[in-house]
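Take a look at the structure below.
Heads up: numbering here begins at 1 and tracks the sequence. Keep in mind that the numbers below use all heavy atoms, side chains included, and drop hydrogens, waters and symmetry copies.
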Amino acid sequence: MVVSLLGHPKVSSFLRKTKIWRDYPSYDSLFQRLPKFFPEEDWQVWLKECEDWEKQKNPEWFLLPYDDKNYPKLLKEIFDPPLVLVCLGDVNVLQRNLVAIVGTRKASPVSLTATKSLVRSLSKSEAVAIVSGMALGIDRQAFLSALELGIPVVGVLGTTLGIEYPPGNRDLYKKIKSDPKQLLISEFLLYTEPARWTFPKRNRVISGLSKKVYIMESGKKSGTISTAMSAMEQNREIFVFDHPKQFDNEGGKMLIRQGAEGLYAETTEIGGDKFESKVVSYEEWYKQKNTSHFLQKEEVSDIQFIL
């Protein structure tokens, strides 16, 4: 039985479109039927590709098909779950209380400070683990803070597991790979480089794994909004951090107007002044965003979240 066939682009596309896999609770029974759905010549080529991949893959990688007891229940319930995941690390992390923290790559200092504080607050929850996408900015800060506090992380890749993207996170990849209690996963088995179409697919997995999704800063058109849209479709709880000193949180404000929960906090600024975050209208934000108060972005020293 060749499990990696579930990740072959041609096979997985057919299975997700037809939903035939849902008629086969066991992959063993589905594997016996699969050849009947494809031309014999094509099937043999794909089968050979996957057999070769399984022989040549990193021996530390292992496959997690949809019928495995460790496959995440929440992820399996979404509209189009990946039918197999390739994993590196501790798969038991997937059974913890998973929450996603995502945001822009070009994060404001206040959003990075907020991300550290959020992870610190979440660390008080039982059996929590942090899910994110291995991007720069918010994703990176969420994982660095979690690792510092001893919280397990699940890095969801938009590439093949063997590609460390972006290059600026190679130190983070090293930290995660060297700790057997952490986990990296991808639905891309055969060689797949980063591309515009791979990251929306990754984003639905990030939200699909998680009970709650925290948006720490987002422009109006971004991968973070893609994750939020997936979370809405999957009926996940969405929380948005909004602060006047963010560079660009138009996307976050839009989500709050559409019904996402505001993530409220008390901010301590240099000098000891307090600021309590609140939701403002787009018009009010637009009028104030270029004032000196908004432009002083470096003066936040701490944030305390009310979860």
Side-chain angles (χ1 to χ4, degrees), residues 3-4 6-9 12-13 16 50 53-54 56-66 68 70-72 74-76 78 80-94 96 98-105 129-144 146-147 152-210 213 222-224 226-227 230-231:
V3 176
S4 59
L6 288 171
H8 191 285
S12 62
S13 176
R16 285 204 302 271
C50 290
W53 181 86
E54 290 192 13
Q56 298 168 11
K57 72 175 179 64
N58 186 324
E60 295 182 344
W61 299 355
F62 58 93
L63 297 175
L64 191 66
Y66 71 88
D68 191 287
N70 287 313
Y71 191 96
L74 281 178
L75 183 61
K76 194 172 180 178
I78 71 172
D80 59 342
L83 300 182
V84 63
L85 296 168
V86 57
C87 309
L88 174 63
D90 184 5
V91 73
N92 293 313
V93 176
L94 295 173
R96 297 176 73 93
L98 302 179
V99 297
I101 301 178
V102 295
T104 179
R105 297 187 300 275
I130 306 299
V131 181
S132 202
M134 293 300 297
L136 296 170
I138 297 297
D139 295 22
R140 174 183 172 85
Q141 185 60 66
F143 277 177
L144 288 175
L147 292 171
V153 303
V154 181
V156 185
L157 277 59
T159 65
T160 311
L161 197 56
I163 296 177
E164 295 186 347
Y165 181 86
N169 268 344
R170 282 178 179 156
D171 61 327
L172 180 57
Y173 277 101
K174 184 176 181 179
K175 286 176 182 289
I176 294 174
K177 289 180 177 181
S178 63
D179 186 343
K181 296 179 181 179
Q182 314 305 328
L183 181 64
L184 293 174
I185 65 172
S186 175
E187 67 178 297
F188 303 108
L189 275 61
L190 303 184
Y191 186 78
T192 306
E193 294 185 341
R196 291 180 65 89
W197 63 272
T198 64
F199 294 106
K201 289 173 71 66
R202 174 204 64 181
N203 294 341
R204 88 190 193 290
V205 174
I206 292 173
S207 57
L209 286 167
S210 310
V213 178
S222 67
T224 305
S226 166
T227 305
S230 292

Closest contact, heavy atoms only, [X] versus [Y]:
X	Y	value
Ala146	Ile130	CB-CG1, 4.0 Å
Ser12	Pro9	OG-O, 3.4 Å
Glu193	Thr198	O-CG2, 4.0 Å
Pro166	Ala135	CD-CA, 4.3 Å
Asn203	Gly223	ND2-O, 3.2 Å
Leu74	Leu209	CD1-O, 4.0 Å

Atom pairs and distances, side-chain donor-acceptor, residues 181-190, under 3.5 Å, sequence neighbours left out:
residue	atom	partner	partner atom	Å
Gln182	OE1	Val153	N	2.7
Gln182	NE2	Asp179	OD2	2.9
Ser186	OG	Thr159	O	2.7
Ser186	OG	Phe188	N	3.0
Glu187	OE1	Arg204	NH2	3.3
Glu187	OE2	Arg204	NH1	2.6

Output the distance between atom [atom1] ([X]) and atom [atom2] ([Y]), rounded to the nearest 0.5 Å.
X	Y	atom1	atom2	value
Phe62	Lys57	CZ	NZ	9.5 Å
Lys201	Ser226	NZ	OG	11.5 Å
Phe143	Leu172	CZ	CG	7.0 Å
Met134	Glu164	CE	CD	8.0 Å
Ile101	Thr227	CD1	OG1	13.0 Å
Ile176	Asn169	CD1	CG	8.0 Å

Is any side-chain heavy atom of [X] less than 4.5 Å from a side-chain heavy atom of [Y]?
X	Y	value
Leu63	Ser4	yes
Pro194	Phe199	yes
Pro152	Asp90	no

| Over 12 non-hydrogen atoms of neighbours within 6.0 angstrom of CZ in Arg105 | no
| task | Determine yes or no for a side-chain-to-main-chain donor-acceptor pair under 3.5 angstrom, with Lys76 supplying the side chain and Pro81 the backbone. | result | no
| message | Whether the side chain of Tyr173 engages the backbone of Tyr165 through a donor-acceptor N/O pair (distance < 3.5 Å, no angle test) should be reported. | response | yes
| message | Before you tell me yes or no, could you show the steps for Asn70 and Leu64 under side chain to side chain contact (heavy atoms under 4.5 Å, CB included), namely the whole-Å CA-CA distance, both residues' side-chain angles and the distance that decides it to 0.1 Å? | response | CA-CA 7 Å; Asn70 287 313; Leu64 191 66; 3.8 Å; yes
| remark: Arg96 meets the side-chain hydrogen bond (donor to acceptor under 3.5 Å, both in side chains) criterion, sequence neighbours left out, with none
| note | Residues passing the side-chain hydrogen bond (donor to acceptor under 3.5 Å, both in side chains) test with Ser132, sequence neighbours excluded, are Asp139
| message | Applying the side chain to side chain contact (heavy atoms under 4.5 Å, CB included) criterion to Leu75, which one of Leu94, Ile206, Leu98, Leu85 satisfies it? | response | Leu85
